[in-house]
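Take a look at the structure set out below.
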Amino acid sequence: MQRNVVIIGNAGAARECRWILEEAGKQDASLAFKGYLAFEGYAGDLREQAQCSLDNDDDYCPEAGDVFVIGIGDPGLRQRAFAKWKARGASFLNLIHPYTSIHASVRMGEANIIACACFLAPGVDLGNANYLNGDNTFGHDCRVGDANFFGPGAMLLGNVTVGNANAFGVRSVVLAKARVGDGNVLAPGAYVYKGCRDGKTMTGNPALDVSE
């Protein structure tokens with residue numbers, strides 16, 4: 001049965017998601033790109049793909065065969081888009097690049113995006129609407145909540161616990177057994193040793209809270 005993929009979002013992250021979809025479609029012929037939705041009227045930047053815009057998401061009526069991908073990088077907006085469309089009964093696709101390594105024991109929710117060269121080790125528990133932007137490693141038995149964004153090269157070592165709606169910068173690292181709460185920002189290259197609570201901005205090695 002054909003699945004018509006609607007990408008919620010209409011800027012750079014959304015276009016990257018279409019690229020992942022094209023790669024995934026080489027191995028799964030049931031996937032067909034349908035178009036982009038502007039989330040809550042965002043002006044967006046589809047560039048040469050402007051003709052693929054469908055509508056504002058508030059005005060779109062899902063059709064039979066539609067499945068949705070949240071092509072938005074910002075964790076807070078990802079979280080909001082997932083809740084909004086989940087309440088509308090949307091079916092979500094876990095969009096996974098074929099060049100990834102995911103152990104058979106990994107538990108995964110829905111609406112996740114896993115770009116190229118990611119590695120998910122045994123025992124990982126991945127929630128909903130997370131975006132792994134490429135070359136991400138999750139060590140054994142990590143527990144990850146919902147709507148987190150992991151920049152390229154971000155890494156979780158074994159037994160890390162992550163909450164919801166965090167932004168992990170490029171090549172940030174969370175060391176084994178650390179706990180990260182909700183709504184934090186880890187700067188590029190930050191090394192988190194023990195963890196952080198909620199709403200913090202962490203930078204450096206070892207990472208320190210620089211929130212104002």
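None of these values were measured; they are calculated from a predicted model.
Remark: L175 CG to M155 CE distance equals 10.0 Å, nearest 0.5 Å. Note that CG of L37 is 8.5 Å distant from CG of N10, once rounded to the nearest 0.5 Å. Note that CD1 of I70 and CZ of R80 are 12.0 Å apart. Values are rounded to the nearest 0.5 Å. A distance of 12.5 Å separates CG of L132 from SG of C116, quoted to the nearest 0.5 Å. Here the OG-NZ distance, from S91 to K86, works out to 8.0 Å after rounding to the nearest 0.5 Å. Rounded to the nearest 0.5 angstrom, C196 SG and L208 CG are separated by 11.5 Å.
A donor-acceptor pair under 3.5 Å is formed between the side chain of N130 and the backbone N or O of N148. Judged by distance alone, with hydrogens and angles left aside, the side-chain atoms of N184 form a donor-acceptor pair with the main-chain N or O of K200 at under 3.5 Å. Side chain of D146 to main chain of N164: no donor-acceptor pair is present (N/O by atom type, distance under 3.5 Å, no hydrogens or angles). In terms of modelled atom types and a separation under 3.5 Å, the side chain of N94 and the main chain of A111 share a donor-acceptor contact. Side chain of N136 to main chain of G151: a donor-acceptor pair is present (N/O by atom type, distance under 3.5 Å, no hydrogens or angles). In this structure, D28 contributes its side chain and G25 its backbone to no donor-acceptor pair below 3.5 Å. Panel note: side chain N56, backbone F39; no donor-acceptor pair is recorded below 3.5 Å. Looking at D198, its side chain does come within 3.5 Å of a backbone N or O of D182 through a donor-acceptor pair. Within the 3.5 Å criterion, the main-chain N or O of F119 finds no donor-acceptor partner in the side chain of T137. For S172 (side chain) and G169 (main-chain N/O), a donor-acceptor pair under 3.5 Å exists by modelled atom type.
Defined by atom type and a distance below 3.5 Å, a donor-acceptor pair is present between the side-chain atoms of R18 and Q49. For Y36 and D55, the side-chain atoms include no donor-acceptor pair closer than 3.5 Å.
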- Message: One pair to check against side chain to side chain contact (heavy atoms under 4.5 Å, CB included): K34 and D66. What are the steps and the verdict?
- Response: CA-CA 8 Å; K34 187 171 184 179; D66 282 356; 3.0 Å; yes
- Task: Would you please test V174 and F168 for side chain to side chain contact (heavy atoms under 4.5 Å, CB included) and show each step?
- Result: CA-CA 9 Å; V174 182; F168 292 78; 3.7 Å; yes
- Task: Go through N112 and E110 one step at a time and tell me if the side chain to side chain donor-acceptor pair (under 3.5 Å) criterion holds.
- Result: CA-CA 6 Å; N112 294 291; E110 56 186 339; over 6 Å; no
- side chain to side chain contact (heavy atoms under 4.5 Å, CB included) evaluation trace for N133 with E16: CA-CA 9 Å; N133 198 218; E16 287 189 13; 3.2 Å; yes
- Query: Under the side chain to side chain contact (heavy atoms under 4.5 Å, CB included) criterion, do F150 and V144 qualify, and how do the steps go?
  - Reply: CA-CA 11 Å; F150 295 88; V144 179; 4.1 Å; yes
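Identified under the salt bridge (charged side-chain N to carboxylate O under 4.0 Å, His left out) test for residues 88-108, with sequence neighbours left out: R107-D125.
At a threshold of 4.5 Å between side-chain heavy atoms, the hydrophobic network of Ile, Leu, Val, Met, Phe, Trp and Tyr places L95 and F149 in one connected group. Connection of L120 to I113 is not established within any shared hydrophobic cluster, with ILVMFWY side chains joined at heavy-atom distances below 4.5 Å, either directly or through further cluster members. In the hydrophobic cluster analysis, where Ile, Leu, Val, Met, Phe, Trp and Tyr join through side-chain heavy atoms closer than 4.5 angstrom, I20 is grouped together with V67. Connection of V180 to Y193 is not established within any shared hydrophobic cluster, with ILVMFWY side chains joined at heavy-atom distances below 4.5 Å, either directly or through further cluster members. Under the 4.5 Å side-chain contact rule for hydrophobic residues, I7 and L46 share a cluster.
The local environment of CZ in R179 is sparse, with at most 12 non-hydrogen atoms from other residues, nucleotides or ligands closer than 6.0 Å. By the 6.0 Å contact criterion, OH on Y99 is open, its count of non-hydrogen atoms from other residues, nucleotides or ligands being 12 or less. Enclosure of atom OH in Y191 is not indicated, since only 12 or fewer non-hydrogen atoms of other residues, nucleotides or ligands lie within 6.0 angstrom. Around the OH atom of Y42, the shell of radius 6.0 Å holds no more than 12 heavy atoms that belong to other residues, nucleotides or ligands.
Across all their heavy atoms, P98 and E23 have their closest contact at CG-O, 3.7 Å. Residues T203 and V210 come closest through the heavy atom pair CG2-CG1, 3.6 Å. Smallest separation of non-hydrogen atoms from A11 and G44: CB-CA, 4.5 Å. The minimum heavy-atom distance linking G73 with R78 is given by the pair O-CD, 3.9 Å. The two atoms that bring I102 and M108 nearest to each other are CD1-CE, 4.2 Å, heavy atoms only. Between V160 and A176, the shortest heavy-atom distance links the atoms CG2-CA, 4.3 Å.
Ion pairing between a basic and an acidic side chain is recognised when a charged N comes within 4.0 Å of a carboxylate O; K84 and D58 show such pairing. Ion pairing of D45 with R47 is present here, as a side-chain N (NZ or NE/NH1/NH2) and a carboxylate O approach within less than 4.0 Å.
Looking at V6 and V69, their side chains never come closer than 4.5 Å, going by heavy atoms from C-beta outward. By the 4.5 Å heavy-atom criterion applied to side chains, D57 and E40 are counted as neighbours.
In this structure, F92 and F82 have tilted ring planes: the angle between them lies in the 30° to 60° band. Ring orientation note: the planes of Y60 and W85 are tilted relative to one another, at an angle of 30° to 60°.
Remark: D135 engages R171 in a salt bridge (charged side-chain N to carboxylate O under 4.0 Å, His left out) (not counting sequence neighbours).
Just one of V106, L156, L157, V162 meets the side chain to side chain contact (heavy atoms under 4.5 Å, CB included) condition when paired with F138; it is L156.
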